[in-house]
2 protein chains.
Amino acid sequence: MPAKRATVRHLRRQNRSVLLSALFFDGPLSRQELSAATGLSPATASTITAELLDEGLLAEAGSVESDGGRPRVLLRINPDFGRVIGVDVGETGIKVELFDLAMTTLATVEHAIAPGDPLAVSALIASSVRDVVDGALDNVLGVGIGVPGTVEQGSVVHAQTIGWDAVPLADMIRAAGITAPLFIENGAKTQGQAEMWFGAGRGASHVVIALIGSGVGAAVVTDGTLYRGGEWGHTTIVYNGRPCRCGSRGCLEAYAGAEGMLDRYREALGHDVPGSDEQSSVDSLLDSDSPIALEIVAETVGYLGAGIANLVNLFNPERIVLGGWAGLALGARELDRIVAATSAHALRHPYGQTRIELGQLGPDAVAVGAATLPVAALLEAGADPRQARVVA
Amino acid sequence: MPAKRATVRHLRRQNRSVLLSALFFDGPLSRQELSAATGLSPATASTITAELLDEGLLAEAGSVESDGGRPRVLLRINPDFGRVIGVDVGETGIKVELFDLAMTTLATVEHAIAPGDPLAVSALIASSVRDVVDGALDNVLGVGIGVPGTVEQGSVVHAQTIGWDAVPLADMIRAAGITAPLFIENGAKTQGQAEMWFGAGRGASHVVIALIGSGVGAAVVTDGTLYRGGEWGHTTIVYNGRPCRCGSRGCLEAYAGAEGMLDRYREALGHDVPGSDEQSSVDSLLDSDSPIALEIVAETVGYLGAGIANLVNLFNPERIVLGGWAGLALGARELDRIVAATSAHALRHPYGQTRIELGQLGPDAVAVGAATLPVAALLEAGADPRQARVVA
DNA sequence: TAGGCTTATTTTTAGACTCGAACTAAGCTT
DNA sequence: AAGCTTAGTTCGAGTCTAAAAATAAGCCTA
């Protein structure tokens, strides 16, 4: 039942959408190039661009001389048509960033948060949003918010690690006076979206972005669209294995997550791991030459390889992107062995079609990815003229 | 980059498609009901049905009297517009079935095959297709073929269990004189498709169909569309566990597949399992009251639950359909315990949104599912009039 | 410096399509 | 038989894309 009736208006929306997307992703293009890139006739490309220019969504971006012929006028998305905001709600703090439509960072604000107080957090988000736009909220096309948990109907958040249970975040932020459209999504997915648009996922359409931090998550892209689920970390990989904080046993996260890795290290050592915080502890583990540390790292690589192999077998991706702070730290030193471990566990055929790469964006990508949500909505709706704001 | 330009012609195709789909899935409908069901205006519903009636794709199906008003004329897909054929290529034999567009079985042919001889099999498929239509090949809209392996570009088959490596099956069948359009797909997926259209998956749009036979596979439906991959059986569930026939260790299949289950039973018993074939051996295991058998079954339920939980966590389906001959045999006796084991391993939240059910179709569903492939193509393309055959 | 040439856009025109409104068809009730 | 009710069709308006023709804007050459 996904098929939906189409009316003549949908045509224009759809074609506006492909045209806008072509411009967003493939930089400034002339009308002619646009026509070629989208498959639209030059006539249609022309009328649509005229419309979009008129609405202020597009802007001219110089022209390219030719050797004997009318020069092409380049067009691009007008970066100043509106602003988008990305919010990264982490386990210990929030980060709010303001972007223009070229995704250039214009302002950033960070605050620490205490766990378990959604009301305070939503108020903090609202005030930070106001700070970052300096009061000019009417120019904001939307606010994307990445949260460390699952999101229902785009508005209700369940985030165990910060003690949120069925928090109606969208309503709360609106109640705090933010009227711009809100887009709430799992942080792993916003980070995955960022890698897809601007990082290691560019150009591919079947990708798994594996995110390894304190916990373990994954974002799955199939046929170019980001998939909803993705609780890869709580996939059983050792039946009846180590207890996991989720209540089950033998989850991948309990072995390959930073916390699980350090727990195992601690047990093997018989004492605490050096390092002031989790991140430096992981570094010290990875950099240690002691046999115990080497063994723990080798084991981790093995478990991670098996976990990645599961993704390869299930999703048959053309690319696997290894990200997350712990994933990047481990991958920077051990990528070859991770690849080998994956190969040992995966089916030959899907494995032969995939490539494992390191993520290109740091964990800050959560906010960028969150900010892409309103942009994606804009591109997808073809910036429906019926919703377009009048630009004075 | 998935977005594609739209022309005014696509409109009609799309609307023909939704209208045809409504009729296919929701039985005979009047034009008025069609208009309501599809969202099309009565005018458009009328002109499109007129067109389709004219082309022979639709037929009238009586009328419904009303209390004081013009009676509604019911329309349905003309079952005799064309025939479709479903082929089930199994590990020991093939089955070829002929259907009309109401998916009524009109003829069936079965043959045994020897493994490792693609040429003979393709010739056998071709001759069986000819047999089943009694020479009337020009009436056939398409032949769907379910194979026990992976399919590339819809034509090249890799099927380890019958010794096929990169077999260009489509070309071979065409070379054997079958000119009808061919649709080749993994058998687990065709079976899943059958459950979606006619079985336990009806009406849902996020479903995982778990198929447990000698081996283990899954078909994943997201947002109403069947996903490509799905090598669930070779997902690591016991790190460094039992060797699997795929070459890796600890795969789910080595524990929850019929073969793996019987292997473990055999080891525990210390001697062979009673039963003339795999299927009867499984029955005897499931029906036995011996402590060893009970223990093996309980273990299997546990592994299977963990495997299903992985699917729940990863895909967040609204429904899990347990199928395959061994899955049905096990599920018929142990569904409650399978549900409990799944619950023990899955995250509470996605688990709360899912329901586990038994498949409603037997393993014969492979052929039916295969036959749905050309039907799906017909519905999806809206039976493009430019491709429609002229019906004398 | 004026034509000619080349390439890029815009205008014009034709054709396809959906929708709303008016209209016709086909039954039942009184 | 007139009126009522519901089903389906026809017509006109409006939207949209594509192909073709026209125009714009440069370079090159004589």
Side-chain angles (χ1 to χ4, degrees), chain A residues 3-19 22-23 28-54 58-76 382-386, chain B residues 3-19 22-23 28-54 58-76 382-386:
Chain A
K4 202 63 195 93
R5 90 170 209 277
T7 105
V8 86
R9 281 227 159 81
H10 293 60
L11 277 190
R12 189 47 157 261
R13 257 234 307 259
Q14 170 74 11
N15 287 336
R16 285 168 64 105
S17 177
V18 300
L19 204 146
L23 278 177
L29 292 172
S30 71
R31 288 167 236 258
Q32 214 208 181
E33 290 165 326
L34 267 176
S35 158
T38 59
L40 291 164
S41 72
T44 303
S46 197
T47 58
I48 295 184
T49 52
E51 202 173 277
L52 293 170
L53 276 164
D54 195 51
L58 297 190
E60 299 199 345
S63 61
V64 173
E65 53 188 296
S66 69
D67 16 73
R70 178 173 175 173
R72 290 166 298 187
V73 175
L74 294 182
L75 300 170
R76 62 169 170 177
D384 195 329
R386 269 163 296 274
Chain B
K4 200 66 195 91
R5 88 170 209 277
T7 100
V8 86
R9 282 225 160 82
H10 292 62
L11 277 190
R12 189 49 156 262
R13 258 234 307 258
Q14 171 72 12
N15 287 337
R16 285 168 65 106
S17 177
V18 300
L19 203 147
L23 278 176
L29 294 171
S30 71
R31 288 168 236 257
Q32 213 208 179
E33 291 164 325
L34 267 177
S35 157
T38 59
L40 291 165
S41 72
T44 303
S46 198
T47 58
I48 294 184
T49 51
E51 200 174 277
L52 293 170
L53 276 164
D54 196 51
L58 296 190
E60 298 199 344
S63 60
V64 175
E65 54 188 297
S66 68
D67 14 74
R70 177 174 175 172
R72 288 167 299 187
V73 175
L74 294 182
L75 300 169
R76 62 168 168 175
D384 193 329
R386 267 163 297 277

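The chains referred to below are lettered A, B, ... by the order of the sequence lines, with proteins before strands, and numbering in each begins at 1.
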Of all the heavy-atom pairs spanning [X] and [Y], show the shortest one and how long it is.
X       : Y      : answer
H10(B)  : R5(B)  : NE2-O, 4.1 Å
A22(B)  : T38(B) : CB-CG2, 4.2 Å
G382(A) : R16(A) : O-NE, 2.8 Å

Would you indicate, yes or no, if [N] has its OP1 or OP2 atom less than 4.0 angstrom from a side-chain nitrogen or oxygen of [X]?
X      : N       : value
S41(B) : dC19(C) : yes
Q32(B) : dA7(D)  : yes
N15(B) : dC17(C) : no

Atom pair distance, as rounded to whole Å: [atom1] in [X] and [atom2] in [N]:
X      : N       : atom1 : atom2 : answer
L19(A) : dC16(D) : CG    : P     : 15 Å
E60(A) : dT9(C)  : CD    : C1'   : 12 Å
L11(B) : dG14(D) : CG    : C1'   : 14 Å
L34(A) : dT7(C)  : CG    : P     : 20 Å
E33(A) : dT9(C)  : CD    : C1'   : 13 Å
R72(B) : dA7(D)  : CZ    : P     : 6 Å
R12(A) : dC17(C) : CZ    : P     : 18 Å
L53(B) : dG8(D)  : CG    : P     : 12 Å

Would you say the side-chain atoms of [X] pair up with the backbone N or O of [Y], donor to acceptor, closer than 3.5 Å?
X      : Y      : value
E33(A) : S30(A) : yes
Q32(A) : R72(A) : no
N15(A) : A6(B)  : yes

Query - Five-pair end axes of the helix from dT1(C)-dA30(D) to dT30(C)-dA1(D) and the angle they enclose, rounded to 10° - result: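 Answer for the end axes of this duplex: 30°.
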
Strictly under 3.5 Å: I want the nitrogen or oxygen pairs between protein and nucleotides 9-13 of chain D, one per line.
| from | atom 1 | to | atom 2 | distance (Å) |
| --- | --- | --- | --- | --- |
| dT9(D) | OP2 | S46(B) | OG | 2.0 |

Query raised in the report: Which residue lies toward the 5' end of DNA chain C, P71(A) or A6(A), if each is placed at its nearest nucleotide?
Result: P71(A)

Query raised in the report: Are T47(B) and T44(B) close enough that a side-chain donor and a side-chain acceptor fall under 3.5 Å?
Result: no

Query raised in the report: Where the side chain of R9(A) is defined as all heavy atoms beyond and including C-beta, which of dT15(D), dG20(C), dG26(D) is the nearest nucleotide?
Result: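 The answer is dT15(D), which lies nearest to the side chain.
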
Query raised in the report: What nucleotide among dC17(C), dA25(D), dT17(D) has an atom nearest to a side-chain atom of V8(A)?
Result: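 When the side chain of V8(A) is considered, dC17(C) is the closest of dC17(C), dA25(D), dT17(D).
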
Query - Non-neighbouring partners of S35(B) that pass side-chain hydrogen bond (donor to acceptor under 3.5 Å, both in side chains), sequence neighbours left out - result: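 Per chain and number, S35(B) pairs via side-chain hydrogen bond (donor to acceptor under 3.5 Å, both in side chains) with no residue.
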
Requested in this report: Evaluate the side-chain proximity of L23(B) to L34(B): yes if any heavy-atom separation is below 4.5 Å, no if none is.
Outcome: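 They are in contact (side-chain heavy atoms under 4.5 Å apart), so the answer is yes.
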
